[in-house]
Amino acid sequence: MLIKNLKGQLSAIILGVLIASSATAQKVDVAKEFKSAELQTSYMLNEVKDIVDTSKTLVSPRTFENGKFKMVKSNDWTSGFFPGILWYIYDYTKDTKWMEQAKIYTAKIEKEQFNKGTHDLGFMVYCSVGNAYRLTKDERYKAIIIQAAKSLSTRFNPKTGVIKSWDHNKDNKWTYPVIIDNMMNLELLFEATKLSGDSSFYKIAISHANTTMKNHFRADNSSYHMVDYDPATGNVIKKITVQGYADESAWARGQAWGLYGFTVCYRETHDKKYLEQAQKIEKFIFSSPTMPKDLIPYWDHNDPAIPNTPRDVSAAAITASALLELSTYTKNTGYKAKANTILYNLSQSYKAPINTNGNFILLHSTGHKPIKSEVDVPLTYADYYYLEALLRSKRMK
Ligand code: GLY
């Protein structure tokens, strides 16, 4: 890695001791957080409804940037998070008014089940329809999940052993790009096999996870953002970044996607190698010499401008949710303690006052810093994984 020195390693050890000793003192108040999430999301719904009613295509809020509220179409990778948030609030409150809204906004994403032009079906369909099916057991949602898995599977090439992430390719920069984020699509495939009995989805997920494990990780267990493959031979062409600071740096959200993705792979397969991979990623993240004391990472662990560079709250929220699941598979109590520290700090220092921040819950996420897009803003997926982590935390009590 770019930054690795004794001073950094010592501060990482001190950080670990601090987390362990403060873990019991810092506990997020889940009930209080859901109360304010409900209120904030009620304001959000009013805002979104007006836009959706006048626009024929915008369906979901994504961010609030430069004083402007940004909504997306159903084929945007973030479209499923808002319905997912509504499902999580329903899950917690069991108030059917939230289910009604969740159904309305889920319906607007459903057509993406036929989208074969992106790998993002996991985010779009599983975060919306996946939660819908989990909470209603409506057979219609089941059929959508299976169809989405079929569409996603068309992007798998047995030669490369992985699902192609993007079709867009400005300036011919890559051939068959696979980003670490793609690990987040595997949950949809595992679920589709359970629902349909068709093992082809499971096999694709396993192949993707194994190939990613082989090619995406560095010796220190940080991951590259993108690996580009030759689809004819399956060989790796190059390893680069698009959203991170540098090709050889550790983009914070990418590390979080990897941690979450391999934890899911262990849940679905019970194959120890995935558990070990998740544990190695966790170790990398929390040994990072640049990890701040509050465990909300800078947007890239290796940005030389640290500490004068933005954090990425979305990476922290994804990590907290993944850590809570990971903690159930091992005796390591540190995972849960770190997740609790993250959740507590998000609730105390990164939450927007009600009816501000475009009515998003959390502040200070970073979307795509290299192109100066969505820097130090709220992001719908930060809120989604925050609520998911809060629900997990409640269930684990
Ligand atoms: N999956 C895109 C991102 O994490 O920004």
Side-chain angles (χ1 to χ4, degrees), residues 60-65 70 72-82 84 109 112 115 117-128 130 148 152 155 162-170 173-174 177-188 208 212 216 222-228 240-245 249-262 264 281 285 296-301 303 310-322 360 362 364-386 388:
S60 262
R62 174 168 166 151
T63 186
F64 183 74
E65 190 180 23
K70 184 169 159 194
V72 295
K73 296 180 183 170
S74 69
N75 66 356
D76 185 272
W77 80 273
T78 64
S79 66
F81 295 117
F82 183 60
I109 318 290
E112 297 309 320
N115 187 342
T118 175
H119 72 144
D120 283 322
L121 289 175
F123 289 123
M124 297 190 287
V125 176
Y126 202 65
C127 297
S128 55
L152 181 59
R155 303 183 64 77
V162 274
I163 299 160
K164 186 181 180 187
S165 290
W166 299 333
D167 285 352
H168 64 84
N169 188 7
K170 198 170 161 278
K173 281 191 185 144
W174 43 74
V178 179
I179 56 174
I180 188 69
D181 323 29
N182 206 333
M183 285 298 299
M184 297 298 284
N185 293 308
L186 306 188
E187 195 170 9
L188 168 75
H208 187 93
T212 299
H216 251 89
S222 66
S223 57
Y224 287 92
H225 180 208
M226 177 190 285
V227 176
D228 188 25
I240 58 171
T241 197
V242 178
Q243 282 170 258
Y245 170 75
S249 74
W251 174 50
R253 194 163 55 256
Q255 314 314 303
W257 291 143
L259 175 68
Y260 194 116
F262 281 100
V264 168
I281 299 169
I285 294 173
I296 314 301
Y298 292 98
W299 73 283
D300 189 303
H301 291 279
D303 181 349
R311 306 287 186 100
D312 182 13
V313 155
S314 75
I318 298 157
T319 300
S321 188
F360 290 88
L362 296 172
H364 303 314
S365 287
T366 297
H368 194 149
K369 177 122 180 353
I371 60 164
K372 298 186 173 57
S373 170
E374 300 178 344
V375 178
D376 197 11
V377 294
L379 289 168
T380 182
Y381 41 100
D383 292 357
Y384 174 88
Y385 288 102
Y386 179 56
E388 181 180 273

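Numbering of ligands and ligand atoms starts at 1, following listing order.
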Lys/Arg N to Asp/Glu carboxylate O, K369 vs D312, below 4.0 Å: no
Contacts of K164 that satisfy side chain to side chain donor-acceptor pair (under 3.5 Å) - sequence neighbours left out: none
Sequence-distant partners of D120, side-chain contact (heavy atoms from CB on, under 4.5 Å), two or more places apart: W77, T118, F123, M124
Residue pair E388 / S321, side-chain donor-acceptor N/O under 3.5 Å: yes
For Q255, side chain to side chain donor-acceptor pair (under 3.5 Å) partners two or more places apart: S223
Flag side-chain contact, heavy atom, 4.5 Å: V264 against M183: no
Set of residues that line ligand 1, where lining means a heavy atom lies under 4.0 Å from it: W77, D181, Q243, W251, R253, W257
